[in-house]
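Please read all numbers here as calculations on a predicted model, not as lab measurements. In this chain, residues are counted from 1 in sequence order.
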Amino acid sequence: MDTLKIALDWTPNVNHLGFFIAQEKGFYQELGVTVSFLNPHEDDYQTTPGKKLELGLADFALAPFETVISLNNKTNRVEAIAVYALLQSDLSSITTLASSGLNSPRELVGKTYASYKARYEDTIVQKLVSHDGGEGAFTVSYPEKLGIWNTLLEGKADATWIFDNWEGVEAVTRGIALRSFRLAEYGIPYGYSPVLIAKKSQLEANKALYKKCIAATQKGYAFAQTHPEEATAILKNVVSERDRTHIDLAQSLAVTAPHFGKEGQHAYMHPERVHDFLNWLVKHKLEQDVILNQSLFTNELVS
């Protein structure tokens, strides 16, 4: 068996379900592959997934598409490439508690935003505010990453970035009213998140193995769509006790499953969507136009 390590972008959740199904149902083993997962909870996110890939601690990293750009454009360049989009739609949003009385992005001026300190994040949120007519800045706080959602719930921040299909479903489950602002609604063409990232050198050296891993993973996501009850049971076994208690897992899967993609489209990244995001970054001077000529993603492993 060939073993591959995947660094998760977050503690196990519905976005990762295809991986866990492929492991539980033996889809990896059928192709001669063993997969293990690096949970950020193990080191409290001290080492990011991208850094784990860079250091050779993981064969794949799950992260936003921004991480691919960052790895390729840092001083000590890492030639990395995105090979799999977990979601075909952007299911994230900048979110506030409805009880805060903040009804639009422009009202975040002078408020506190809890940031993950991700590449471009604070600037993207500032653009969201300005595109809505907000003049002025907001205060940025940098809590421990795995506690950011609680920071919002506890009133220590006025807004943060969440996945609507996870924290958003938790809020519904717990009867907490949110007000969410989607980037696309304010002229920001956000890219894919999360994506599975590999080093180009490792991809070329292990293409057959990596392709087997991708094929089994696609099968896992397809299974999640066609067998929701069993998929929910598998999800229940891998998430934290807290998430089992606070999140309606079946509802989270129901919200998410259509966005895993249609049959034959799991993992696929549309070039125009990637290019729209890259061009937006260049237009707003967040990156140099050199990124437009870099090979940052591939669909060659997608069957």
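- Among residues two or more places apart in sequence or in another chain, the side-chain contact (heavy atoms from CB on, under 4.5 Å) test is passed with V172 by none.
- Formation of a donor-acceptor pair under 3.5 Å by the S252 side chain with backbone atoms of V14 is not found in this model.
- A donor-acceptor contact shorter than 3.5 Å links the side chain of D248 to the backbone of Q251.
- Every residue two or more places apart in sequence or in another chain was checked for a salt bridge (Lys or Arg N to Asp or Glu O under 4.0 Å) with E229, and none qualifies.
- When the side-chain hydrogen bond (donor to acceptor under 3.5 Å, both in side chains) test is applied to D59, no partner is found at least two apart in sequence or on another chain.
- Counting all heavy atoms, side chain and backbone alike, L253 lies closest to A231 at CD2-CB, 3.8 Å.
- Looking at K219 and E30, a side-chain N of the basic residue comes within less than 4.0 Å of a carboxylate O on the acidic one, giving a salt bridge.
- Residues forming a side-chain contact (heavy atoms from CB on, under 4.5 Å) with H131 (at least two apart in sequence, or on another chain): K127, Y186, I188, W280, H284.
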**Q.** V195/L86 under side chain to side chain contact (heavy atoms under 4.5 Å, CB included): CA gap, chis, key distance, verdict
**A.** CA-CA 6 Å; V195 293; L86 270 60; over 6 Å; no
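- Y84 and Q218 share no donor-acceptor pair across their side chains, judged by distance under 3.5 Å alone.
- With no hydrogens or angles considered, no side-chain donor-acceptor pair links Q288 and N73 at under 3.5 Å.
- Other residues sharing the hydrophobic cluster of I176, ordered by chain and number and joined by side-chain separations under 4.5 Å: L97, W149, L152, L153, I162, L178.
- A ring pair (Phe, Tyr, Trp, His ring centres under 6.0 Å) check over residues 250-273, counting only residues at least two apart or in different chains, returns the pairs Y221-F260, Y268-H270.
- Of the possible donor and acceptor atoms, one in the side chain of T232 sits under 3.5 Å from a partner among the backbone N and O of P228.
- Atom NZ of K25 is surrounded by 12 or fewer heavy atoms from other residues, nucleotides or ligands within 6.0 Å.
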Let me check something: any side-chain donor-acceptor pairs from residues 197-205 under 3.5 Å, sequence neighbours excluded? List them with distances.
unit_1: K199; atom_1: NZ; unit_2: L53; atom_2: O; d: 3.2
unit_1: K199; atom_1: NZ; unit_2: E54; atom_2: O; d: 3.0
unit_1: K200; atom_1: NZ; unit_2: S295; atom_2: O; d: 2.8

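- Between K111 and D158, no side-chain nitrogen of the basic residue sits less than 4.0 Å from a carboxylate oxygen of the acidic one, so the salt-bridge criterion is not met.
- A salt bridge does not link E135 to R106: none of the charged side-chain nitrogens sits closer than 4.0 Å to a carboxylate oxygen.
- Qualifying salt bridge (Lys or Arg N to Asp or Glu O under 4.0 Å) partners for D164, counting only residues two or more places apart in sequence or in other chains: R182.
- Not a single donor-acceptor pair under 3.5 Å links the side chain of E66 to the backbone N or O of Y120.
- Side-chain N or O atoms of R244 include none that pairs as donor or acceptor with a backbone N or O of L235 at under 3.5 Å.
- Partner of F277 under the ring pair (Phe, Tyr, Trp, His ring centres under 6.0 Å) criterion, out of F297, Y190, Y192: Y190 alone.
- Around atom CD of E144, no more than 12 heavy atoms belonging to other residues, nucleotides or ligands sit under 6.0 Å away.
- Judged as a ring pair (Phe, Tyr, Trp, His ring centres under 6.0 Å), the pairs with a partner in residues 39-69 (not counting sequence neighbours) are, in order, W10-Y45, F60-Y210.
- For D243, there are no salt bridge (Lys or Arg N to Asp or Glu O under 4.0 Å) partners at least two apart in sequence or on another chain.
- Between F19 and Y28, the ring centre distance reaches or exceeds 6.0 Å.
- Within the structure, ring pair (Phe, Tyr, Trp, His ring centres under 6.0 Å) contacts touching residues 224-244 (residues at least two apart or in different chains) are F223-H227.
- Partners of F181 by ring pair (Phe, Tyr, Trp, His ring centres under 6.0 Å), not counting sequence neighbours: none found.
- Of the possible polar contacts, none joining the R119 side chain to the T67 backbone as a donor-acceptor pair under 3.5 Å is found.
- In the model, W161 has no side-chain atom that pairs as donor or acceptor with a side-chain atom of T95 under 3.5 Å.
- For the pair R174 and E167, the salt-bridge criterion is not met [side-chain N within less than 4.0 Å of a carboxylate O].
- Between the side chains of Y142 and D122, a donor-acceptor pair is found at a separation under 3.5 Å.
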